[in-house]
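Protein chains get the first letters and strands the later ones, always in sequence-line order, with residue 1 at the start of each. For clarity, every value in this text was computed on a predicted model and none was experimentally measured.
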Amino acid sequence: MDGKRKESSLVKWLLIDISALFLGVMLLLPLGIVIWQSFKQGIAVYMKAVTDKYTVSAVLLTIEATVTAVIVNTVFGLFAAWCITKFKFKGKKLISTLIDIPVTVSPVIAGLMFMLLYGKQSALYPYLQKMHISVVFAVPGIIIATVFVTFPFISRELIPVLETHGTDEEEAAALMGAGGFTIFRKVTFPHIKWALLYGIVLCTARAMGEFGAVSILSGHLRGKTNTLPLHIEILFNEFQYVPAFAVSSILVAMAVMILVLRSVIEAVARR
Amino acid sequence: MKRRIRRVMTIGIALMGIMMMTACGNIVDAENSSKVELINVSYDPTREFFESYNKIFTKHWKKISGQDATIIQSHGGSGKQALEVVNGLEADVVTLALEYDIDAIENEGMIDEGWIDEYDNDSSPYTSTIVFLVRKGNPKGIKDWDDLTEKNVGIITPNPKTSGGARWNYMAAWAYADEKYSGDEDKMKDFISKIYGNVLVLDSGARGATTSFVVNGQGDVLIAWENEAYLSMQDYPGEFEIVTPSVSILAQPSVAVVDSVARYKGTEKAAAEYINYLYSDEAQRIAADNYFRPSNEDVLKEYSDIFDLNVKMATINDFGGWKEVQKKHFSEGGIFDSIYS
Amino acid sequence: MRKKKNKRVIPGFGISLGVTLTMLGFMVIIPMAALIIYTSKMSFSEFVNVITGKRVLSAFYVSIITAFTASLINAVMGLIIAWVLVRYNFPGKRIMDGMIELPFALPTAVAGMALTYLTTDNGVIGSFFSKFGIHIAYTRIGITVALIFVGIPFVVRSVQPVLEKLDGSYEEAADVLGAKRMTIFFKIIFPELKPALFTGFGLAFGRCLGEYGSVVFIAGNKPYYTEIAPLVIMSRLQEFDYTAATSIALVMLVISFVILFINSMIQARNTRIVTGRQ
């Protein structure tokens with residue numbers, strides 16, 4: 001940094017090495033294992049696993065759930081962030097705590113909650129069945145679970161930014177007679193667009209990989225309600241390790257792509 | 001202000017409604033004349049078997065009804081699978097590890113009473129038994145259940161609370177103890193405790209246990225379904241050996257049509273035929289190829305070089321049937337719980 | 001009402017609060033209520049009975065002890081990593097920075113599978129440690145390893161922004177006055193970082209407590225030894241025992257709520273530090 005307060009370079013490199021070693025062992029090694037295992041039996045086996053019809057349908061379902069989660073949570077995130085940062089009202093702390101709940105709630109519990117709400121124990125169930133709507137053990141259940149686990153991701157990115165930014169500009173615009181949407185579009189949005197994009201990236205990443213909650217609500221119907229992580233588990237249980245790792249590598253590739261995207265976004269935003 | 005809030009609430013609710021509607025787009029198809037879709041909810045070790053069976057059934061069904069059948073499989077621990085069916089997983093047929101699990105579905109009124117007599121052999125088209133899978137050369141010299149109580153032996157078996165197969169494993173050990181101590185329950189409990197004291201990994205399903213043993217190299221012996229043991233031998237030639245204990249148990253996986261679901265979906269005929277056809281010679285041979293013991297005696301004899309037909313096999317009825325066994329051993333506070341306290 | 005309205009010049013309060021509350025209601029409050037209502041079907045003594053069952057208590061113990069250890073390790077390592085990322089320049093810094101979110105993006109099931117593969121006694125890491133008689137996979141150490149993996153981003157990402165915004169003048173002053181680096185760090189920098197560190201620790205702890213996907217592969221699920229609370233919930237579910245599952249879930253829900261509440265209080269202080277607003 002600015003030279004005035006420099007640790008001895010011994011300390012500096014020691015700390016860097018510790019960090020690198022820790023991240024290398026904890027993050028890169030597992031990643032490497034996935035890639036290495038999936039190509040162990042050659043590219044042909046890999047391609048066969050990746051283009052298998054169950055894999056393809058799992059990819060499609062994962063994308064469907066992820067896209068829905070991102071859309072719903074973006075809408076929610078924008079409104080919630082606006083509501084929490086631009087106004088003062090009672091119960092604000094409670095609301096922001098409630099928003100954060102899905103991050104710390106065990107995915108297993110999340111799945112259980114929706115099971116109780118829409119499953120056979122629920123008072124809603126007879127009505128749902130009458131309308132021939134299945135939520136649990138069907139695609140809607142998977143989507144709802146995915147929305148839940150990624151619920152706060154976008155609002156959490158937006159709130160700090162808006163909080164630092166304050167409300168002066170919006171107030172001024174409002175006093176000059178601008179409408180709500182105009183204020184948002186012209187005044188607020190330019191400030192939060194990078195945070196929003198970052199939130200979307202995180203939300204996508206998490207939605208893709210959700211396992212626990214989805215596992216409870218899915219019923220594991222092959223080709224129907226299997227997301228990629230569930231499909232991986234099934235392959236793993238079938239002793240098809242190479243295909244399991246191969247399908248994992250799709251997710252790893254998506255994850256890495258998303259992280260690269262994130263870095264690019266951040267670089268652009270900093271500029 | 002108040003009115004605005006209310007208006008806004010309505011907009012919000014409408015928005016949620018739309019979201020729900022789009023999410024709930026997949027309304028169950030009523031029976032279509034040219035297609036039928038069956039969901040078969042099964043337990044862990046039947047994956048390969050049903051993969052092959054579904055192929056011949058699709059052909060067979062096309063021939064007799066002209067419909068194209070799609071069969072969707074779901075596999076997992078037997079108890080868990082039954083629970084999911086009870087909770088609304090719309091299975092047309094269940095092919096589970098235990099009578100008890102199907103009884104649980106029956107108790108919810110989803111399967112008509114008397115399902116067990118609906119098909120031959122207590123509605124179990126194929127059977128299996130419990131054997132030991134040990135590492136090549138059997139380094140710990142495991143020959144029978146007694147050897148599993150030795151201090152230095154590491155055992156892998158799934159959790160009887162969640163896995164149907166594990167309950168068969170447990171009962172096989174119990175059957176041996178019964179024979180050995182001629183019914184002295186205290187000694188039998190002690191014996192069982194010693195065995196479970198040696199368990200290294202208690203997975204939730206039979207497949208998880210096999211994975212721990214075969215792939216991750218845990219333990220010296222896997223207590224497993226016979227078919228599961230053979231599959232491991234096949235996948236990893238030369239690494240394992242099968243040891244058949246002197247006493248084991250006749251494991252009867254059960255099958256049934258889930259009547260309420262089949263009625264609701266209008267798939268009764270196809271579902272009934274799906275199970276019926278399991279008893280055909282072709283299906284029985286496929287079962288045998290996948291190391292399940294066919295219930296058809298003639299087919300079983302064709303495969304006598306694979307199956308050890310001389311094991312002394314107890315049946316679950318020797319212990320009063322599954323209801324009794326479940327209550328005594330596996331329910332909360334039962335014998336199994338006392339092992340771990 | 002009128003008075004308040006005058007204070008709010010910015011439009012959109014009604015609609016944003018409305019949408020927030022409705023969605024919050026549908027996604028979080030109603031499902032949580034379903035859980036609570038379901039638990040309330042059992043009597044209080046039954047509830048106490050379930051959650052003080054020996055196996056349940058030991059599962060909570062295992063969950064808390066492993067989550068705590070993992071978060072503690074993450075707090076230390078996260079602080080070091082954040083420090084390295086903010087204060088030093090070195091080749092590969094950008095990559096290291098980008099990597100931090102990997103546990104977020106990598107599905108936990110895949111992570112669990114890969115970590116198990118690495119740490120069994122035949123695995124690359126496991127075989128090394130097993131020479132010293134340390135087994136990782138299928139023990140509590142294994143669970144801790146998986147939880148460290150999941151928790152990495154939380155501490156780093158909480159501490160990093162605070163460290164970046166930290167006012168250097170006190171540090172310089174102390175330096176000029178001849179204080180040792182260690183003293184400067186512990187007396188000046190650390191107190192400033194403490195709230196952020198706690199937040200990160202709390203978030204990681206909360207997340208670890210509930211983690212299922214990666215742990216289920218590596219844990220071995222032995223009752224009293226490596227069975228964590230989410231696993232007990234799962235196995236109770238598989239045993240048709242809904243009430244027991246929901247009671248345990250309720251306790252965990254309360255724990256996460258408490259963690260979050262404490263956290264958001266610390267966070268409020270934290271924001272003031274970051275933004276400099278009082």
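- Heavy atoms closer than 4.5 Å to chain C are found in the side chain of A:Leu31, but not in its backbone.
- Of the listed residues (A:Leu228, A:Val34, A:Ile95), the greatest number of heavy-atom pairs within a distance under 4.5 Å of chain C belongs to A:Ile95.
- The greatest number of non-hydrogen atom pairs below 4.5 Å with chain C, out of A:Cys83, A:Gly209, A:Ser96, is found for A:Cys83.
- From C:Leu85, atom CG reaches atom CD of C:Gln160 across 5.0 Å, with rounding to the nearest 0.5 Å.
- For C:Leu118, the part sitting under 4.5 Å from any heavy atom of chain A is the side chain, from C-beta outward, and nothing else.
- Neither the backbone nor the side chain of A:Ile84 has a heavy atom closer than 4.5 Å to any heavy atom of chain C.
- Contact of C:Ile29 with chain A is made through the side chain alone, with heavy-atom distances under 4.5 Å.
- Looking at A:Leu78, neither its backbone nor its side chain comes within 4.5 Å of chain C, counting heavy atoms on both sides.
- Interface remark: A:Leu112 contributes side-chain atoms only to the contact with chain C (heavy atom separation under 4.5 Å).
- Distance CD1/A:Ile258 to CG/C:Leu106: 11.5 Å, rounded to 0.5 Å.
- Looking at A:Pro107, the atoms closer than 4.5 Å to chain C (heavy atoms on both sides) sit in the backbone and in the side chain alike.
- Contacts between A:Phe151 and chain C at a heavy-atom distance below 4.5 Å involve the side chain alone, from C-beta outward.
- Note on C:Glu101, C:Glu211, C:Arg207: by heavy-atom pairs under 4.5 Å with chain A, the leading option is C:Glu101.
- A:Thr97 touches chain C through backbone and side chain together, each having a heavy atom under 4.5 Å away.
- Counting heavy atoms of neighbouring residues, nucleotides and ligands inside a 6.0 Å radius, atom CZ of C:Phe185 exceeds 12 of them.
- In terms of non-hydrogen atom pairs under 4.5 Å with chain A, the most contact-rich of C:Gly92, C:Ala229, C:Gly213 is C:Gly213.
- Once rounded to the nearest 0.5 Å, the distance linking CG of A:Leu27 with CD1 of C:Ile148 reads 11.0 Å.
- For C:Ser214 (side chain) and C:Gly112 (main-chain N/O), no donor-acceptor pair under 3.5 Å exists by modelled atom type.
- In this structure, chain A has a heavy atom under 4.5 Å from the side chain of C:Ile152, while its backbone stays farther away.
- No donor-acceptor pair closer than 3.5 Å links the side chain of C:Lys41 to the backbone N or O of C:Thr243.
- More than 12 heavy atoms of other residues, nucleotides or ligands shown are found within 6.0 angstrom of CZ on C:Phe90.
- Here the side chain of A:Lys86 pairs no donor or acceptor atom with the backbone of C:Pro11 at under 3.5 angstrom.
- If you measure heavy-atom distances from A:Ala110 to chain C, you find no contacts under 4.5 Å at all.
- Looking at A:Ile216 and A:Phe114, their side chains never come closer than 4.5 Å, going by heavy atoms from C-beta outward.
- In this structure, the portion of A:Gln37 lying under 4.5 Å from any heavy atom of chain C is its side chain and not its backbone.
- At distances below 3.5 Å, not a single donor-acceptor pair connects side-chain atoms of A:Asn73 with backbone N or O atoms of A:Cys203.
- Between A:Ala69 and A:Ala207, the closest heavy-atom pair is CB-CB, 4.3 Å.
- The most heavy-atom pairs under 4.5 Å with chain A, out of C:Ala34, C:Cys208, C:Ala111, C:Gly123, come from C:Ala34.
- Counting heavy-atom pairs closer than 4.5 Å to chain C, the top-ranked of the candidates A:Gly212, A:Ala81, A:Ala80, A:Gly77 is A:Ala80.
- Proximity to chain A (any heavy atom under 4.5 Å) is shown, for C:Ile259, by neither the backbone nor the side chain.
- Of all the heavy atoms in C:Ala109 and C:Phe217, the pair that sits closest is O-CE1, 3.7 Å.
- Between C:Tyr117 and A:Tyr241, the ring centre distance reaches or exceeds 6.0 Å.
- Within the 4.5 angstrom heavy-atom criterion, only side-chain atoms of C:Arg157, from C-beta onward, approach chain A.
- Closest non-hydrogen pair, A:Thr150 versus A:Thr146, comes out as OG1-O, 2.8 Å.
- Highest contact tally toward chain A, considering only C:Thr246, C:Leu250, C:Leu209, C:Ile95, is held by C:Thr246 [criterion: heavy-atom pairs under 4.5 Å].
- Proximity to chain A is limited to the side chain of C:Tyr38, based on heavy atoms less than 4.5 angstrom apart.
- Nearest heavy atom pair, residue A:Phe76 against residue A:Ser155, reads CE2-OG, 4.2 Å.
- If you take CD1 on C:Ile73 and CG on C:Leu147, they are separated by 10.0 Å, rounding to the nearest 0.5 Å.
- Minimum heavy-atom separation, C:Ile100 to C:Pro103: O-CD, 3.0 Å.
- Options A:Thr204, A:Val247, A:Val260, A:Leu28 differ in how many heavy-atom pairs under 4.5 Å they form with chain C, and the most are formed by A:Leu28.
- Proximity to chain A (any heavy atom under 4.5 Å) is shown, for C:Phe205, by neither the backbone nor the side chain.
- Between chain C and the residues A:Ala205, A:Gly24, A:Gly32, A:Ala173, the largest count of heavy-atom pairs under 4.5 Å involves A:Ala205.
- The two atoms that bring C:Ala114 and A:Pro30 nearest to each other are CB-O, 3.6 Å, heavy atoms only.
- Only the side chain of C:Met77 comes within less than 4.5 Å of a heavy atom of chain A; its backbone N, CA, C and O stay farther away.
- For chain C, the nearby part of A:Met115 is the side chain; its heavy atoms alone come within less than 4.5 Å.
- Contacts between A:Ile183 and chain C at a heavy-atom distance below 4.5 Å involve the side chain alone, from C-beta outward.
- Proximity to chain C involves both the backbone and the side chain of A:Ile101, based on heavy atoms less than 4.5 angstrom apart.
- Contact of A:Ile33 with chain C is made through the side chain alone, with heavy-atom distances under 4.5 Å.
- The greatest number of non-hydrogen atom pairs below 4.5 Å with chain C, out of A:Ile232, A:Leu98, A:Val252, is found for A:Leu98.
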